Amino acid sequence: MKLATWNVNSIRARHDAVLAWISRVEPDVVCLQETKVEDDDFPTEELLRLGYAVATAGQKSYNGVAIASRLPMTQVAIGLVDEAEPSEARLLRATIEGVRVYSVYVPNGKSPSSPAFPGKLRFFGRLRDTIASETSPGSPAIVCGDFNVAPDDRDVFDPVGQRGQLLYHPDEQRALSELLSFGLVDVFRLHRPEGGQFTWWDYRAGAFRRNQGFRIDFVLATEAIASRCTSASIDIEPRHGERPSDHAPVVATFA
DNA sequence: ATGGTAGTCGAACTA
């Protein structure tokens, strides 16, 4: 199974680029974040024509997640386990070939001093509770998406300058660690331990041109399936394109 | 340079 995760920063703005990328790379499963459209405006028909089943948890203007799969999807569910009526579309999952696959968009947090920041930290625990409510570390599960935190010094262009700032704050790293301690493995790190490999570059200040990036998008897998991961990579090609998303897709292959 | 750019939506918010 070839799986990809990509924060597209508006599927409307990225419609052609995303469909072209999927046609070229031909992943079996694609998890998307920040689609920024309600379900009726998601390009479901276009993906069906490419051979994908589609599940969406859409929202107008903000957030929005989706999963497209060439393999059948069952048991589709939306939202965190503690919310009956999700106020923000940040989590979607489906079972694909016996694997519970999650597409997640963790809140940005705005800044460490913002009232939104503690909510971001709590989200990690709520996500862990959700995962724990329907799977176990011994079962195959893949949690992928935009986690809005860089795990360690290898994942930030300037760890000294960025320490304590948004996306590289010790509280965020602790929250991520506690999620991982459920029994999830960062499969990109597993295969590519060297630093300087990023998935997000700020649109501002020529950050991409200067390679001032962060690695904040992950494919996390339980050991049951992480052991089947044969390769993992970041595809920065679409980040070079015209009007790109600020994130690059992450691709992982499982035997 | 507490700026800078992009998306949504048509002013101000989110990232």
Side-chain angles (χ1 to χ4, degrees), chain A residues 5-21 31-43 46 56-66 79-80 83 86-92 103-124 126-127 144-151 155-158 160-169 171-173 175-176 198-218 234 236-250:
Chain A
T5 183
W6 193 6
N7 178 323
V8 295
N9 185 21
S10 169
I11 192 66
R12 228 193 301 260
R14 232 64 67 195
H15 179 276
D16 293 354
V18 170
L19 290 173
W21 185 83
C31 294
L32 302 175
Q33 300 87 35
E34 275 208 274
T35 56
K36 295 187 173 179
V37 292
E38 292 177 315
D39 293 347
D40 287 347
D41 295 318
F42 190 85
E46 290 89 329
T56 53
Q59 181 180 336
K60 188 185 170 80
S61 306
Y62 302 111
N63 312 309
V65 288
L80 295 155
E83 51 187 6
S87 56
E88 298 186 330
R90 295 185 177 276
L91 182 65
L92 174 69
S103 180
V104 58
Y105 176 46
V106 172
N108 169 279
K110 294 194 172 80
S111 91
S113 59
S114 165
F117 192 74
K120 173 182 189 173
L121 302 180
R122 282 194 299 273
F123 187 93
F124 285 92
R126 300 169 69 205
L127 176 58
C144 59
D146 175 3
F147 292 80
N148 269 319
V149 54
D155 306 309
V156 181
F157 73 98
D158 176 16
V160 173
Q162 290 299 317
R163 189 169 303 280
Q165 311 234 46
L166 191 73
L167 310 182
Y168 201 54
H169 191 285
D171 292 350
E172 294 170 316
Q173 293 172 306
L176 175 64
F198 309 131
T199 66
W200 176 81
W201 300 259
D202 201 308
Y203 283 124
R204 297 166 290 190
F208 183 64
R209 178 173 48 79
R210 290 136 62 119
N211 198 25
Q212 296 183 337
F214 294 69
R215 192 175 70 91
I216 58 176
D217 300 84
F218 317 122
I234 299 164
I236 66 164
E237 189 274 333
R239 188 65 177 79
H240 283 285
E242 208 170 311
R243 290 180 70 234
S245 168
D246 43 355
H247 294 254
V250 181

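Chain letters run A, B, ... following the sequence lines, proteins first, then strands; residues in each count from 1. Since the structure is predicted, the reported quantities are computational estimates derived from the model, not experimental observations. Any value given below was found using the heavy atoms of this structure, including those in side chains, with hydrogens, waters and symmetry copies removed.
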Indicate, with a heavy-atom threshold strictly under 4.0 Å, whether A:Arg90 touches base, sugar-phosphate, or nothing.
->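 Sugar-phosphate, no base atom in range.
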Looking across every strand, which nucleic acid part, if any, lies under 4.0 Å from A:Tyr105 by heavy atom: base, sugar-phosphate, or nothing?
-> sugar-phosphate
Using the [atom1] atom as the point on both nucleotides, what is the distance between [M] and [N], in whole Å?
| N | M | atom1 | result |
| --- | --- | --- | --- |
| B:dT2 | B:dA12 | P | 24 Å |
| B:dG10 | B:dA6 | C1' | 16 Å |
| B:dA1 | B:dC13 | C1' | 23 Å |

[N] phosphate, OP1 or OP2, under 4.0 Å from [X] side-chain N/O:
| X | N | value |
| --- | --- | --- |
| A:Lys110 | B:dT14 | yes |
| A:Arg204 | B:dA15 | no |
| A:Ser10 | B:dA6 | no |
| A:Arg14 | B:dA6 | no |

Interatomic distance, [X] [atom1] vs [N] [atom2] [rounded to whole Å]:
| X | N | atom1 | atom2 | value |
| --- | --- | --- | --- | --- |
| A:Ile11 | B:dG7 | CD1 | C1' | 13 Å |
| A:Asn7 | B:dG7 | CG | P | 12 Å |
| A:Asp217 | B:dA15 | CG | P | 14 Å |
| A:Gln165 | B:dG4 | CD | P | 18 Å |
| A:Gln59 | B:dC13 | CD | P | 17 Å |
| A:Glu38 | B:dG7 | CD | P | 20 Å |
| A:Asn148 | B:dA15 | CG | P | 8 Å |
| A:Tyr62 | B:dG7 | OH | P | 14 Å |

May I ask you to decide if the ring planes of A:Trp200 and A:His247 are parallel, tilted or perpendicular, using 30° and 60° as cut-offs?
->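 Tilted.
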Please say which of A:Pro244, A:Ser245, A:Pro249 ends up in a side-chain contact (heavy atoms from CB on, under 4.5 Å) with A:Pro238.
->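 Among A:Pro244, A:Ser245, A:Pro249, the one that satisfies the side-chain contact (heavy atoms from CB on, under 4.5 Å) with A:Pro238 is A:Pro249.
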A:Arg12, nearest nucleotide to its side chain (from B:dT5, B:dT8, B:dG7) |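 Nearest to the side-chain atoms of A:Arg12, counting from C-beta on, is B:dT8.
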Report the residue (A:Pro107 or A:Lys36) whose heavy-atom-nearest nucleotide on DNA chain B is the more 5′ of the two.
->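 The residue closer to the strand's 5' end, by nearest nucleotide, is A:Lys36.
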Counting only N and O atoms by type, is there a donor-acceptor contact under 3.5 Å from the side chain of A:Lys120 to the main-chain atoms of A:Asn108?
-> yes
Is the NZ or CZ atom of A:Arg239 both under 6.0 Å from the centre of the six-membered ring of A:Phe208 and within 45° of that ring's axis?
->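 Relative to the ring axis of A:Phe208, which defines the angle, A:Arg239 lies inside both limits.
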May I ask you to check whether A:Asp146 and A:Gln33 show a side-chain donor-acceptor distance below 3.5 Å?
->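 Side-chain D/A pair, A:Asp146 to A:Gln33: absent.
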